[in-house]
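Comments concern the structure below.
When reading the values below, keep in mind they use all heavy atoms of this one structure, side chains included, and skip hydrogens, waters and symmetry mates. What you see is a predicted model; the values in this text were computed from it and never measured.
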Amino acid sequence: MASIWEYANPVKFMRLTDRVLPFVAVSAGVCLLAGLIWGFFFTPDDFRQGSTVKIIYLHVPSALVAINAWFVMLVASLVWFIRRHHVSALVAKAAAPVGAVMTMIALVTGAIWGEPMWGTWWVWDPRLTSFLILFLFYLGYIALWEAIESPDTAADLTAVLCLVGTVFAVLSRYAVNFWNQGLHQGASVMRAGAVTGSDTEEKVSNIFAVPLFISIAGFILLFLALTLLRTRTEIRKRRTAALIAREQLP
């Protein structure tokens with residue numbers, strides 16, 4: 001059985017993703033279409049939130065991916081620190097813009113959802129605030145990569161930034177458990193008993209939960225497909241730069 005470290009070799013990584021990427025991309029498209037169409041057009045309005053509840057099919061999956069994308073970057077950065085595999089550094093670099101877009105989608109859809117529910121577009125709620133800071137860390141991470149010419153130095157410094165930003169990724173996920181304040185509700189989907197909990201618990205009805213989980217699967221697969229695609233692009237850019245540098249040698 002091949003070791004996972006073998007795929008740190010750019011050639012083997014490209015060969016593997018040649019086979020895997022089309023399947024992941026098609027699966028992402030199918031899940032997104034099925035989940036979003038089902039959720040937006042074939043589920044009823046909520047008895048309290050009305051049709052605004054349907055934004056859950058964008059807000060929850062994008063927020064979930066936004067937070068976990070940072071953890072993907074963290075793992076890739078740790079692999080870079082420990083093993084010095086360039087592909088891992090490029091995976092972290094490739095995942096950052098995708099995670100940033102997911103964070104922006106979650107912030108915007110949360111504001112749209114919050115206005116009719118809370119009567120305001122934004123509050124300095126612990127989870128919202130930590131999520132906004134996480135978005136700023138995404139922007140800083142991307143900017144740091146672009147500001148440093150040496151790829152290895154950029155990988156080192158962005159890995160350190162990723163370690164620091166992980167604090168806010170954790171806060172974004174668990175802020176409502178740390179502080180008993182703020183308007184944002186507690187976890188009602190990604191926890192035990194969220195769908196079939198007792199009547200006294202916040203829960204999501206099956207009629208909403210099934211298309212939601214399909215949408216979540218679609219967003220996760222979309223993140224994976226875009227990250228693989230961007231990593232392949234980064235590898236090609238490295239190869240092109242190396243060839244140009246070689247041709248310029250006397």
Side-chain angles (χ1 to χ4, degrees), residues 1-21 24-25 28 62-104 106 130-131 133-174 219-246:
M1 182 177 177
S3 168
I4 189 173
W5 301 115
E6 293 184 22
Y7 297 105
N9 180 298
V11 174
K12 290 189 176 182
F13 179 86
M14 295 294 279
R15 288 175 182 170
L16 174 66
T17 53
D18 267 337
R19 299 192 300 269
V20 171
L21 187 55
V24 175
S62 60
L64 183 68
V65 172
I67 296 168
N68 287 284
W70 193 272
F71 289 117
V72 170
M73 293 161 55
L74 173 64
V75 172
S77 297
L78 290 175
V79 171
W80 164 252
F81 269 140
I82 297 168
R83 307 285 298 218
R84 308 304 284 185
H85 289 318
H86 286 87
V87 170
S88 63
L90 295 181
V91 168
K93 181 181 180 182
V98 185
V101 171
M102 292 294 181
T103 309
M104 175 59 75
S130 58
F131 213 81
I133 295 173
L134 178 63
F135 177 65
L136 297 178
F137 265 96
Y138 268 119
L139 297 184
Y141 182 94
I142 296 168
L144 190 57
W145 262 108
E146 297 299 323
I148 301 173
E149 291 187 7
S150 170
D152 287 359
T153 303
D156 287 336
L157 294 178
T158 53
V160 172
L161 180 62
C162 190
L163 291 173
V164 176
T166 300
V167 174
F168 291 96
V170 172
L171 288 178
S172 297
R173 176 63 182 87
Y174 297 106
F219 270 79
I220 292 172
L221 290 168
L222 178 63
F223 166 75
L224 180 59
L226 291 175
T227 300
L228 291 177
L229 182 61
R230 286 183 49 79
T231 304
R232 288 168 59 87
T233 301
E234 292 294 335
I235 291 173
R236 290 193 178 101
K237 286 170 63 177
R238 288 274 183 105
R239 287 178 177 174
T240 302
L243 289 173
I244 293 172
R246 186 180 304 172

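Here CG of Leu64 is found 10.0 Å from CE of Met102. Values are rounded to the nearest 0.5 Å. Atoms CG and OG1, from Leu136 and Thr103 in turn, are 10.0 Å apart once rounded to the nearest 0.5 Å. The structure places CG of Asp152 at 11.0 Å from CG of Leu157, a figure rounded to the nearest 0.5 Å. In this structure, CG on Leu228 lies 11.0 Å from CG on Asp18, to the nearest 0.5 angstrom. Rounding to the nearest 0.5 Å places CG of Leu21 at 10.5 Å from OG1 of Thr227. Note: Ser88 OG to Leu78 CG = 9.5 Å, rounded to the nearest 0.5 Å.
Tyr141 and Ala96 get closest at one heavy-atom pair: CD2-CB, 3.4 Å. Nearest heavy atoms, Cys162 versus Met73: SG-C, 3.6 Å. Nearest heavy atom pair, residue Arg230 against residue Lys93, reads NH2-O, 4.0 Å. The two residues Ala106 and Phe131 come nearest to each other via the heavy atoms CB-CE2, 3.6 Å. Considering all non-hydrogen atoms of both residues, Ala28 and Leu222 come closest at CB-N, 3.6 Å. Across every non-hydrogen atom of Gly99 and Ala69, the tightest pair is CA-CB, 3.9 Å.
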>> Walk me through whether Val160 and Phe81 qualify under side-chain contact (heavy atoms from CB on, under 4.5 Å).
In response: CA-CA 9 Å; Val160 172; Phe81 269 140; 3.8 Å; yes

* Under the side-chain contact (heavy atoms from CB on, under 4.5 Å) criterion, do Val75 and Phe71 qualify, and how do the steps go? -> CA-CA 6 Å; Val75 172; Phe71 289 117; 5.6 Å; no

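At least one donor-acceptor pair under 3.5 Å links the side chain of Tyr138 to the backbone N or O of Trp70.
In this structure the side chain of Glu234 never reaches within 4.5 angstrom of the side chain of Arg238, judged on heavy atoms. At a threshold of 4.5 Å between non-hydrogen side-chain atoms, the residues Lys12 and Leu16 do not count as touching. Asn68 places none of its side-chain heavy atoms less than 4.5 Å from the side chain of Phe223. Between Ser77 and Leu163 there is no side-chain heavy-atom pair separated by less than 4.5 Å.
Asp156 meets the salt bridge (charged side-chain N to carboxylate O under 4.0 Å, His left out) test with Arg84; sequence neighbours excluded.
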